[in-house]
Amino acid sequence: MIYGARLRQAREMALMTQAELARETQIAQAHLSRAERDSYDLGPDRLTLLAAHLEFPTSFFSTPQVVDFGQRPVHFRSQAGMSMKQADQATRTGEVVAEAVWRLETQFVGPPLRMPIAQQDPVSAAASARLALGLGQDEPVGGLPILLERMGVTVIGLPLRAMRRDAFSLWVGDKPVIALLHTDAGDRQLWSTAHEVGHLLLHRGLPANRDIESSADEFALQFLTPPSVLDSEMPAHPTMSDFALLKRRWGVSIAALIRLARRLDRLTPEQYTSLFKQMSARGERLRERTFIPPVKPRGLRAMAELAYGVAPASGLAEENQWSLRFTERVLERHARADELPLKKLPARHVRGNVTNINAARRARANRHSV
């Protein structure tokens, strides 16, 4: 017996419609449709053919689906511009990876959920989240996926390349889930992760719309770059070099810092526009030169190493009826112990950042005068 939900999962993970899979396998689309509704037996030969095309063992299709995210996650970071097939691929992949995490959690006692109480105001929600994570008001948020896992949030890395659409979140019963697609831009990943935390705290049960996206972005701004703190750290007349220094400290993009500078009246409208034109001319609107490495979640790999040893791919694949190739790609999206980020020092242990920025300005001037 095969489960139609598994067939649909694997098909959508492969970015295929029923019609496309029918053409590839020469199996009638009507038969595939009925098989996905559990009303048609494909037989062992056609199942073997499907498994080869969809890159899952035949045994995967004989296990019931445990995790169901519904038709599509309610809160999908930057869903505009993402095709329905891409959104479905991310959703189904998230279901399969989350199922592996929760299966492992039956063997180990993880951290209890310590999410702040849901709130309506992004400013107070950001303050509550910082408090729950043990962060001071003047402390940059480093290693956010790891901090969230320690707070009981399920954070999973998906083996899918982020094409400007890089995260989604939802509640599955009483379990908060954040899924991160693969990106090399740690500043964008940090903002997207914080944006999704905002959705979990502010918008549980609400349908997606433009207003809640703006609210989640306001949460991310307040959470990652508290305006009252940045107001004291940002120079009166910031330059692109100043924004690069602030980016290294706070981990957010230069674009986000420019928008904040405008809010803090550090920039005139003309200066604001000019800086973004500079970024466009340098090809930095989508990928900035100042590099911030992304941070991978750790939980799945940590539990797999405890369960199956330091090389857990074979054991994890067998337990979940995955192919070894897919398992290795999933593990690659989760941090090894030696990939965990070093915790940044709170601001109270660092010399005042305005002073640092001014000192950096003087150092550059001295180099240029030599």
Between Ile258 and Leu267, which heavy-atom pair has the shortest distance, and what is it? O-CD1, 3.8 Å
CA sep, side-chain torsions, deciding dist, call: Trp102, Leu104, side chain to side chain contact (heavy atoms under 4.5 Å, CB included): CA-CA 5 Å; Trp102 293 337; Leu104 284 164; over 6 Å; no
I'd like to know if Asp174 pairs up with Arg204 as an ion pair, taking the criterion as any Lys NZ or Arg NE/NH1/NH2 lying under 4.0 Å from an Asp or Glu carboxylate oxygen. yes
So for atom CD, which belongs to Gln107, do other residues, nucleotides or ligands contribute more than 12 heavy atoms lying within a distance under 6.0 Å? yes
Quick check: closest heavy atoms across Pro227 and Gln222, and the distance to 0.1 Å? CD-OE1, 3.3 Å
Sidechain-backbone polar pair: Arg266 side chain, Met234 backbone, donor-acceptor under 3.5 Å: yes
Using distance alone, with no hydrogens and no angle criterion, decide if His182 and Arg333 have a side-chain donor and acceptor under 3.5 Å apart. yes
Is the number of heavy atoms from other residues, nucleotides or ligands within 6.0 Å of CZ (Arg282) greater than 12? yes
Please find the pair of heavy atoms, one from Ala335 and one from Leu340, that lie closest to each other, and give the distance. CB-CD2, 4.3 Å
Is there a side chain to side chain contact (heavy atoms under 4.5 Å, CB included) between Tyr40 and Leu42? Walk through the geometry before answering. CA-CA 6 Å; Tyr40 183 78; Leu42 289 167; 3.8 Å; yes
The test is salt bridge (Lys or Arg N to Asp or Glu O under 4.0 Å); show your working for Asp184 and Arg161 and say whether it passes. CA-CA 9 Å; Asp184 295 324; Arg161 171 64 66 171; 3.4 Å; yes
Between Gln89 (side chain only) and Leu15 (backbone N and O only), is there a donor and an acceptor less than 3.5 Å apart? no
Is it true that a side-chain atom of Arg130 and a backbone atom of Glu139 form a donor plus acceptor pair closer than 3.5 Å? yes
Least distance between heavy atoms, Leu113 atom then Gly152 atom: CD1-O, 3.7 Å
Find the distance between CG (Leu260) and OG1 (Thr225) and round it off to the nearest 0.5 Å. 5.0 Å
Side chains of Glu213 and His195: do they bring a donor and an acceptor to under 3.5 Å? yes
Backbone N/O of Ala132 and side chain of Arg114: donor-acceptor pair under 3.5 Å: yes
For the residue pair Phe326 and Phe56, is the inter-centroid distance of their aromatic rings smaller than 6.0 Å? yes
CG/Leu147 to OG1/Thr193 distance, rounded to the nearest 0.5 angstrom? 11.0 Å
Before accepting this row, confirm whether a basic side-chain N of the pair Glu339/Arg298 lies closer than 4.0 Å to the acidic partner's carboxylate O. no
Could you walk me through whether Val123 and Phe219 pass the side chain to side chain contact (heavy atoms under 4.5 Å, CB included) check? CA-CA 6 Å; Val123 177; Phe219 171 89; over 6 Å; no
Please step through side chain to side chain contact (heavy atoms under 4.5 Å, CB included) for the pair Gln9 and Tyr3, ending with a clear verdict. CA-CA 10 Å; Gln9 270 185 331; Tyr3 290 89; over 6 Å; no
Does the salt bridge (Lys or Arg N to Asp or Glu O under 4.0 Å) test come out yes or no for Lys277 and Glu270, once each step is laid out? CA-CA 11 Å; Lys277 285 182 177 179; Glu270 294 75 19; over 6 Å; no
Would you kindly say whether Asp166 and Ser192 are connected by a side-chain donor-acceptor distance under 3.5 Å? yes
Is a donor on one side and an acceptor on the other found under 3.5 Å between the side chain of Thr106 and the backbone of Arg103? yes
Could you tell me the separation between the CH2 atom of Trp191 and the CG atom of Leu224, rounded to the nearest 0.5 Å? 6.0 Å
Sub-3.5 Å donor-acceptor pair from the side chain of Ser124 to the main-chain atoms of Asp121, do we have one? yes
Counting heavy atoms not belonging to Glu318, are there more than 12 under 6.0 Å from its CD? no
About how many Å separate CD of Glu288 and CD1 of Ile254, when rounded to the nearest 0.5 Å? 4.5 Å
Linking I/L/V/M/F/W/Y whenever their side-chain heavy atoms sit closer than 4.5 Å, directly or via other members, would Ile146 and Ile292 fall into one cluster? no
Pair Glu12, Lys85 - check salt bridge (Lys or Arg N to Asp or Glu O under 4.0 Å), show working. CA-CA 7 Å; Glu12 293 186 349; Lys85 287 172 69 173; over 6 Å; no
Closest heavy-atom pair and its distance - Ala100, Trp322: CB-CH2, 3.5 Å
Side chain to side chain donor-acceptor pair (under 3.5 Å) test vs Ser33 passes for just one of Arg37, Gln29, His31, Glu36, namely Arg37
Test item: Arg34 side-chain N/O and Ser39 main-chain N/O as donor-acceptor pair under 3.5 Å: yes
Go through the steps for Glu233 and Arg249 under the test salt bridge (Lys or Arg N to Asp or Glu O under 4.0 Å), then give the verdict. CA-CA 11 Å; Glu233 292 196 4; Arg249 169 160 159 74; 2.9 Å; yes
Is there a donor in the side chain of Ser228 and an acceptor in the side chain of Asp231, or the other way round, less than 3.5 Å apart? no
State, to 0.1 Å, how close Pro116 and Leu201 come at their nearest heavy-atom pair, and which atoms those are. O-CD2, 3.6 Å
Donor + acceptor pair across side chains of Ser215, Glu218 (<3.5 Å): no
NZ/NE/NH1/NH2 to OD/OE distance under 4.0 Å, Arg92 and Glu95: yes
Do side-chain atoms of Asp38 reach the backbone of Gly4 as a donor and acceptor pair under 3.5 angstrom? yes
Would you please test Gln321 and Ser59 for side chain to side chain donor-acceptor pair (under 3.5 Å) and show each step? CA-CA 6 Å; Gln321 310 303 320; Ser59 55; 2.5 Å; yes
Please round to the nearest 0.5 Å and tell me the distance separating atom CD of Glu24 and atom CG of Leu54. 10.0 Å
Whether the side chain of Glu284 engages the backbone of Arg289 through a donor-acceptor N/O pair (distance < 3.5 Å, no angle test) should be reported. yes
What's the verdict on side chain to side chain donor-acceptor pair (under 3.5 Å) for Ser214 and Asp217, showing C-alpha distance, side-chain angles and the deciding distance? CA-CA 5 Å; Ser214 297; Asp217 270 332; over 6 Å; no
Please determine whether a side-chain nitrogen of the Lys or Arg among Glu20 and Arg11 lies less than 4.0 Å from a carboxylate oxygen of the Asp or Glu. no
Under the 3.5 angstrom rule, does the side chain of Arg262 hit a backbone N or O of Tyr272 as a donor-acceptor pair? no
Just how far is it from atom CG of Leu316 to atom CD of Glu319, taken to the nearest 0.5 Å? 8.0 Å
